[in-house]
Amino acid sequence: MLDINRIRNNPEEVKNALLKRMDAVDFTELLQWDKQRRELIVLNDEKKAKRNKVSNDVPRLKKEGKDVSQLFQEMKTLSDDIKQNDEKLREIEDKIHDYLSALPNIPAEDVIAGGKESNEVLRVWGEKPVFDFETKNHVDLATDLNLIDYERGVKIGGNSFWVYTGVGAILEWALLNYFIEEHLKDGYTFLLPPHILNYKCGYTAGQFPKFTEDVFKIDTSEANESMQFLLPTAETALVNYHVNEILTEDELPRKYFAYTPCYRREAGSYRAEERGMIRGHQFNKIEMFQYTTPEDSENAFVELVTKAEKLVQGLGLHHRVSKLAAKDCSASMGKTFDIEVWIPSMNDFKEVSSASNAYDYQARRGNIRFRRQSTGRTEFIHTLNASGLATSRIFPAILEQYQQEDGSVVVPEVLRKWVGTDIIKNV
RNA sequence: GGAGAGAUGGUCGAGUUGGUUUAAGGCACCGGUCUUGAAAACCGGCGUGGGUUCUGCCCACCCUGGGUUCGAAUCCCAGUCUCUCCGCCA
């Protein structure tokens with residue numbers, strides 16, 4: 001949600017910024033509604049003030065034995081008038097609200113216009129592993145080593161589901177343990193939120209009302225404000241943790257992380273090249289989240305990106321960091337960096353973490369504020385999130401980057417204490 | 001799932017036979033006086049949002065949404081949530 005005052009005061013500035021991610025922006029109608037709204041408020045508040053004044057006089061007039069029936073007639077008309085204006089006002093405010101709800105966040109100044117093709121690679125870590133033997137892709141490795149059962153996953157869940165089995169499950173859990181340990185070391189608070197969320201959560205996060213079709217809804221009824229859905233990312237839960245709250249300045253920053261599976265419909269996005277576990281309806285992810293003051297959010301952003309990078313580096317996986325162009329960022333985000341890991345069989349980098357600064361966009365939608373010590377006034381908080389990390393691309397990257405000629409896979413050092421072995425081979 | 005009770009500004013809590021409560025009072029908190037310092041005492045301040053002709057004034061908000069009325073925290077209807085008891089249950 002953008003600040004209507006900002007649009008009113010600097011329409012051209014906001015418009016030009018939004019044009020980095022939108023094809024057309026026109027505030028003419030919005031500003032008209034805004035003007036109508038304020039005129040109507042002035043008019044109606046005057047009427048209400050009069051009504052209040054008369055109401056206060058009534059007891060005295062009655063005590064004095066005056067006849068008030070004529071006055072009541074007038075007040076009846078006035079009240080009907082107020083009621084009508086309130087209805088008009090509500091219609092206008094609904095229109096304004098709907099319009100603002102649909103606008104994406106303003107891209108940060110240093111975010112460039114355009115889509116995916118304009119993304120900028122900031123840095124690359126490590127090198128592409130070179131193999132002097134014929135390599136396998138992660139699907140074959142996972143199948144041959146009995147780490148993942150794709151067929152039975154489809155049998156019990158449907159297309160794009162899989163089952164981690166035996167050592168595969170242990171390896172998956174080792175990754176999560178590794179991430180959790182690192183976040184605890186950095187002083188983040190561990191949360192395990194519900195996986196089923198209400199409509200308001202999706203709205204605050206900025207996913208609703210536009211993307212209700214991307215989530216698994218719990219009941220079969222139409223999307224409405226009493227619906228519940230399976231969370232597509234823990235971010236949706238974490239951004240709502242302090243919804244409608246006013247935090248004190250010294251409580252900030254708040255640093256959280258959560259583990260949840262992520263449930264996504266991914267309707268129509270299936271591609272043969274993404275078979276295996278690159279894109280499923282359910283995947284495990286640990287999500288980092290911060291609530292900060294406006295002046296601290298840029299530093300927090302750097303911290304989150306750095307933390308995510310460190311996790312991939314700790315696993316020794318070749319990866320890169322990209323700065324997304326405006327159109328490739330989710331609607332709620334003003335700036336996003338992606339961390340992508342190298343998948344040899346695909347000859348490409350795949351996202352394992354997306355770090356974003358939503359600035360005050362989500363906080364406005366969720367009414368999340370803090371009290372500024374120096375002024376005593378409330379301000380909107382800044383919210384940031386970053387995966388730390390999603391396992392569904394890390395797992396394949398490990399298999400493929402650490403595979404050996406005999407079909408076995410070396411376990412990254414940091415995971416060995418949980419996996420219990422330094423090499424995974426077929427027995 | 002069944003029965004009952006409740007929801008008021010950071011907290012406790014008054015107000016619920018509708019009209020100087022246009023939300024009292026206590027506590028906490030902030031500022032001041034006093035004091036070597038602190039406590040106590042005393043004085044003052046102390047919810048959120050919106051509008052504005054902005055050193056001020058006005059409007060809205062007493063769980064949410066409707067309704068009755070000249071007028072609703074107060075009456076009526078619907079819903080949400082919390083608590084207690086019972087049942088069921090990992």
Side-chain angles (χ1 to χ4, degrees), chain A residues 1-9 30-101 192-204 218-219 221-229 237 240-252 254 360 363-381:
Chain A
M1 181 84 74
L2 300 185
D3 183 1
I4 181 79
N5 295 303
R6 187 169 171 190
I7 297 176
R8 185 192 307 130
N9 298 330
L30 175 72
L31 291 173
Q32 266 170 14
W33 294 333
D34 179 56
K35 187 157 176 269
Q36 283 170 19
R37 170 177 175 270
R38 286 181 295 146
E39 284 169 357
L40 200 51
I41 285 174
V42 170
L43 179 75
N44 221 26
D45 277 3
E46 275 171 20
K47 291 179 190 287
K48 285 177 180 175
K50 184 171 184 204
R51 180 173 68 181
N52 288 341
K53 195 170 176 307
V54 171
S55 281
N56 288 337
D57 287 343
V58 165
R60 186 176 48 81
L61 293 173
K62 277 189 169 175
K63 213 173 274 176
E64 291 170 5
K66 298 233 168 89
D67 178 24
V68 289
S69 57
Q70 176 65 28
L71 194 58
F72 281 4
Q73 274 302 321
E74 287 170 28
M75 287 303 104
K76 170 80 178 156
T77 315
L78 185 69
S79 275
D80 287 346
D81 210 15
I82 289 171
K83 206 169 174 182
Q84 272 187 9
N85 284 335
D86 272 339
E87 258 167 54
K88 257 190 253 174
L89 186 61
R90 194 174 154 180
E91 278 170 31
I92 293 171
E93 290 187 331
D94 281 351
K95 281 196 278 194
I96 292 172
H97 181 263
D98 289 350
Y99 184 95
L100 289 177
S101 294
L192 290 170
H195 298 181
I196 293 174
L197 304 176
N198 58 34
Y199 181 89
K200 166 81 180 160
C201 290
Y203 177 78
T204 302
I218 294 302
D219 61 20
S221 63
E222 287 300 298
N224 60 51
E225 303 210 344
S226 65
M227 74 177 265
Q228 290 180 305
F229 62 100
N240 282 279
Y241 193 60
H242 290 296
V243 91
N244 285 329
E245 290 183 28
I246 302 174
L247 303 177
T248 58
E249 191 175 349
D250 57 20
E251 285 179 293
L252 298 175
R254 291 239 156 173
D360 64 359
R364 283 179 187 279
R365 294 172 85 97
N367 195 28
I368 310 163
R369 294 166 293 169
F370 75 100
R371 191 174 302 283
R372 172 82 65 186
Q373 198 100 45
S374 56
T375 63
R377 307 211 48 89
T378 59
E379 292 178 37
F380 287 106
I381 274 175

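Since the model is a prediction, treat every value here as computed from it, not as a measurement. A, B, ... follow the sequence lines: proteins, then strands. Residue 1 opens every chain.
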### Query
In terms of ring plane angle, is the pair A:H97 and A:Y203 parallel, tilted or perpendicular, where the classes change at 30° and 60°?
parallel
### RNA chain B base-pair string [pairs: Watson-Crick or G-U under 3.5 Å; |: paired with another strand]
((((((((.[[[..)...(.....]]].(((((.......))))).((((((...)))))).[[[[[..)....]]]]])))))))....
### Message
Looking at A:Q73, I'd like to know if its CD atom is crowded, meaning that more than 12 non-hydrogen atoms belonging to other residues, nucleotides or ligands lie closer than 6.0 Å.
### Response
no
### Task
For B:rG47 versus B:rC43, give the span between their C1' atoms, rounded off to a whole number of Å.
23 Å
### Nearest-angstrom distance, P atom, B:rA14 to B:rC85
23 Å
### Message
By the 4.0 Å heavy-atom rule, please label A:V42 as base, sugar-phosphate, or nothing.
### Response
sugar-phosphate
### Message
With nearest nucleotide decided by heavy atoms, which residue, A:L71 or A:P59, maps closer to the 5′ end of RNA chain B?
### Response
A:P59
### Message
Using atom C1' in both nucleotides, what's the gap between B:rU22 and B:rC83 to the nearest angstrom?
### Response
33 Å
### Sugar-phosphate, base or nothing in reach of A:S69, heavy atoms under 4.0 Å
nothing
### Query
Under 4.0 Å between a Lys/Arg side-chain N and an Asp/Glu carboxylate O for A:D34 and A:R38?
yes
#### Entry: Pairwise P distance, B:rA24 and B:rC46 [rounded to whole Å]
12 Å
#### Entry: Test: A:D57 and A:R60 ion pair at under 4.0 Å
yes
#### Entry: B:rC30 versus B:rU36 - spacing of their C1' atoms, nearest Å
24 Å
### Query
Taking 4.0 angstrom as the limit, do A:E39 and A:K35 come out as a salt bridge?
yes
### Message
Any base atoms under 4.0 Å from A:K83, or only sugar-phosphate, or nothing? Heavy atoms, all strands.
### Response
sugar-phosphate
### Min side-chain heavy-atom separation A:R37-A:L89 under 4.5 Å
yes
### Message
Could you measure the distance from the CD1 atom of A:I82 to the CD atom of A:E46? Nearest 0.5 Å is fine.
### Response
11.0 Å
### Message
Counting the atoms with a prime plus P, OP1 and OP2 as sugar-phosphate, which does A:R364 contact under 4.0 Å by heavy atoms, base, sugar-phosphate, or nothing?
### Response
nothing
### Message
Would you measure the distance from the P atom in B:rC12 across to the matching atom in B:rC61 and give it in whole Å?
### Response
23 Å
### Message
Using side-chain heavy atoms (C-beta onward) and a distance below 4.5 Å, is A:R369 in contact with A:I246?
### Response
yes
### Query
Taking the same atom, C1', in B:rG87 and in B:rU16, what whole-Å distance lies between them?
35 Å
### Message
Check this for me, if you would: do A:K47 and A:D86 make a salt bridge, where the nitrogen-to-carboxylate-oxygen distance has to be below 4.0 angstrom?
### Response
no
### Message
If I pick the C1' atom on B:rG9 and the same atom on B:rA73, what distance separates them, to the nearest angstrom?
### Response
13 Å
### Query
What is the nucleic acid contact for A:I41, judged by heavy atoms within less than 4.0 Å: base, sugar-phosphate only, or nothing?
sugar-phosphate
### Query
Contact boundaries of RNA chain B with chain A (under 4.0 Å, heavy atoms), 5' to 3'?
B:rG19 to B:rG71
### Query
Taking for each residue the nucleotide of RNA chain B with the nearest heavy atom, is it A:R371 or A:K76 whose nucleotide lies nearer the 5' end?
A:R371
